[in-house]
Number of protein chains: 4
Amino acid sequence: MEFKDNEAIYLQIANNVSENILLGSWEEEDKIPSVRDLASRMQVNPNTVIRTYEFLENQGFIYTKRGLGFFVSEGAIDKVKKYKRDSFMQSDLPGIFRNMLLLGITPVEIEHQFEIFKKNSQLK
Amino acid sequence: MEFKDNEAIYLQIANNVSENILLGSWEEEDKIPSVRDLASRMQVNPNTVIRTYEFLENQGFIYTKRGLGFFVSEGAIDKVKKYKRDSFMQSDLPGIFRNMLLLGITPVEIEHQFEIFKKNSQLK
Amino acid sequence: MEFKDNEAIYLQIANNVSENILLGSWEEEDKIPSVRDLASRMQVNPNTVIRTYEFLENQGFIYTKRGLGFFVSEGAIDKVKKYKRDSFMQSDLPGIFRNMLLLGITPVEIEHQFEIFKKNSQLK
Amino acid sequence: MEFKDNEAIYLQIANNVSENILLGSWEEEDKIPSVRDLASRMQVNPNTVIRTYEFLENQGFIYTKRGLGFFVSEGAIDKVKKYKRDSFMQSDLPGIFRNMLLLGITPVEIEHQFEIFKKNSQLK
DNA sequence: GTGGTCTAGACCACC
DNA sequence: GTGGTCTAGACCACA
């Protein structure tokens with residue numbers, strides 16, 4: 001996996017994990033990859049993955065069983081969805097709208113771009 | 001002024017300055033506030049404003065006359081507009097669209113929120 | 001059985017066994033449940049129960065007859081009582097008292113809570 | 001400072017910091033020692049103090065101003081008191097009471113020991 | 001100067 | 001095998 005350098009790696013991994021939960025790739029109550037496993041797959045230091053998992057544990061998305069590993073929490077999908085939705089609505093949207101007003105970009109234009117984006121992402 | 005936690009303060013101030021230029025509050029070839037003046041108004045360390053001005057100078061939005069202060073560049077409005085538009089289209093939009101797909105948020109919903117936002121910002 | 005997160009599971013099981021001895025549910029010189037039996041009842045890994053039994057054997061509360069299983073030691077009740085009393089007086093009390101001072105909790109309040117606790121535990 | 005080895009060092013330091021807040025030694029909105037400062041005083045690695053401060057930040061007891069350091073939160077005393085009180089009442093007391101019942105220790109005895117403890121701690 | 005992140009490597013308790 | 005903690009040391013952004 002490649003990482004952007006304007007966001008902490010452990011947060012980018014956290015996003016990745018969150019999406020796996022959100023999309024149902026990793027189901028509730030299932031074990032997720034061990035720290036060492038994910039670290040070697042992501043080519044990062046295990047400590048970085050530990051940071052990711054601690055962060056997600058604080059959010060209540062995953063939990064740990066000692067000696068066994070980390071597991072997806074019950075109700076994690078809803079928690080992740082709520083968390084992402086809240087931060088999108090409260091943090092992202094206002095800045096976007098402000099830019100749209102300043103730059104004279106209309107919702108119609110946004111919708112047009114969105115349709116293009118959707119087609120491209122379906123191809124993948 | 002209040003600052004968000006997830007973006008560098010000097011960049012938030014840079015945004016503020018850019019908007020003043022974009023909206024014509026600070027006109028081209030006009031002198032902008034001195035570092036110390038702006039720093040005390042914003043309640044930040046003067047070094048932080050220096051960083052802001054250096055950043056804006058690198059972008060070509062402002063320039064410095066030694067001993068006199070900083071001034072809005074000729075053609076700054078267009079430069080600011082182009083810069084903002086580019087970063088909006090290339091950096092912001094993809095993330096937004098990705099979130100919309102993941103969370104099932106429709107362009108209609110976005111447009112609805114945008115109308116609300118517009119009304120609120122007109123009041124100010 | 002449910003386990004707390006802040007104490008090793010094998011120690012929580014050891015406590016449980018100790019209480020059975022203390023209360024006379026498991027009498028001296030009697031055979032106690034096999035590792036596998038207890039493990040399946042407690043829903044833990046057999047290795048964990050082995051650790052528990054090793055710990056209790058080191059304390060002299062139980063002993064093993066090869067091929068037959070584990071048995072409650074002679075004089076185990078007194079040993080358990082002494083062990084628990086010592087660790088209570090030396091390890092638990094000082095921390096409790098420190099918290100009481102810091103938080104302004106009085107012995108009267110403790111006694112009050114204790115009465116409530118006694119009533120609830122009689123019901124079981 | 002000397003550390004017990006049955007509790008993580010970063011949590012022992014967190015307790016220490018919490019008590020400083022609780023006792024008013026470090027007042028609300030005041031700056032607390034920098035990571036490096038406290039680390040060298042405590043003779044631990046700076047990373048360990050960072051863990052402490054992150055933990056306390058998650059609890060809402062302290063917050064960070066970028067480039068300036070960590071500060072005691074508004075209302076921190078009440079938060080600390082509530083946190084300590086809750087964990088005392090819910091985690092510590094039940095175990096204590098259970099032991100008292102099992103060992104036949106009476107509240108009167110506890111109170112007696114508490115008086116002794118109070119005298120000793122006043123001398124310090 | 002401040003905190004934030006990351007790596008490398010070690011040791012431990014636990015299951 | 002699992003996670004949890006700690007050390008050592010590095011580099012960076014920020015004020």
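Every chain is numbered from 1 and lettered A, B, ... according to where its sequence line falls, protein lines coming before strand lines.
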Note to self: Measure CZ/D/Phe70 against P/E/dG1 and give the value in whole Å, please.
What the structure shows: 18 Å
Next item on the list: Name the nucleic acid region contacted by D/Tyr53, choosing base, sugar-phosphate or nothing; use a 4.0 angstrom heavy-atom cut-off, strictly under.
Entry: nothing
Notebook entry, point to check: Is there a side-chain contact between D/Ile32 and D/Phe71 (heavy atoms, below 4.5 Å)?
Noted result: no
Margin query: Expressed as a whole number of angstroms, how long is the span from A/Ile50:CD1 to F/dT2:C1'?
Written below: 11 Å
Check: Quick check: does any side chain N or O of A/Ser91 sit under 3.5 Å from a backbone N or O of A/Phe88, one acting as donor and the other as acceptor?
Finding: no
Note to self: Using side-chain heavy atoms (C-beta onward) and a distance below 4.5 Å, is D/Tyr83 in contact with D/Ser18?
What the structure shows: no
Check: Mind checking what makes salt bridge (Lys or Arg N to Asp or Glu O under 4.0 Å) contact with A/Glu19, not counting sequence neighbours?
Finding: B/Arg98
Next item on the list: Mind checking the CD1-CD spacing from A/Ile21 to A/Glu27? Nearest 0.5 Å is all I need.
Entry: 11.5 Å
Notebook entry, point to check: Shortest non-hydrogen contact from C/Pro33 to C/Arg41?
Noted result: CG-NH2, 3.2 Å
Margin query: Nearest whole Å is fine: how far is E/dC14 C1' from C/Lys4 NZ?
Written below: 17 Å
Notebook entry, point to check: Through what angle, rounded to 10 degrees, does the axis of the helix from E/dG1-F/dC14 to E/dC14-F/dG1 turn between its ends, using five pairs per end?
Noted result: 20°
Notebook entry, point to check: In whole angstroms, how far is the C1' atom of E/dC6 from the CD atom of A/Gln12?
Noted result: 13 Å
Next item on the list: Starting at atom CZ of A/Phe3, determine the distance to atom P of E/dT5, rounded to an integer number of angstrom.
Entry: 15 Å
Next item on the list: Tell me, please, which residues at least two apart from B/Glu57 pass salt bridge (Lys or Arg N to Asp or Glu O under 4.0 Å).
Entry: none
Checklist line | Stretch residues 54-65 of chain D: residues that reach within less than 4.0 Å of DNA chain F through a heavy atom | finding: none
Note to self: Assess the residue pair A/Lys4 and A/Glu7 against the criterion (salt bridge (charged side-chain N to carboxylate O under 4.0 Å, His left out)); give the C-alpha distance rounded to whole Å, side-chain angles, the decisive distance to 0.1 Å, and a yes or no.
What the structure shows: CA-CA 6 Å; A/Lys4 296 175 292 181; A/Glu7 191 185 10; 3.7 Å; yes
Check: Above 12 or not: heavy atoms from other molecules or residues under 6.0 Å from NZ of A/Lys81?
Finding: no
Checklist line | Results of ring-ring contact (aromatic ring centres under 6.0 Å, His included) for C/Tyr53 - residues two or more places apart only | finding: C/Phe70
Notebook entry, point to check: Is the count of non-hydrogen atoms from other residues, nucleotides or ligands lying under 6.0 Å from A/Asp5 atom CG greater than 12?
Noted result: no
Checklist line | Sugar-phosphate or base contact per nucleotide [nucleotides 7-15 of chain F; S, B, -; heavy atom under 4.0 Å] | finding: BBB----BS
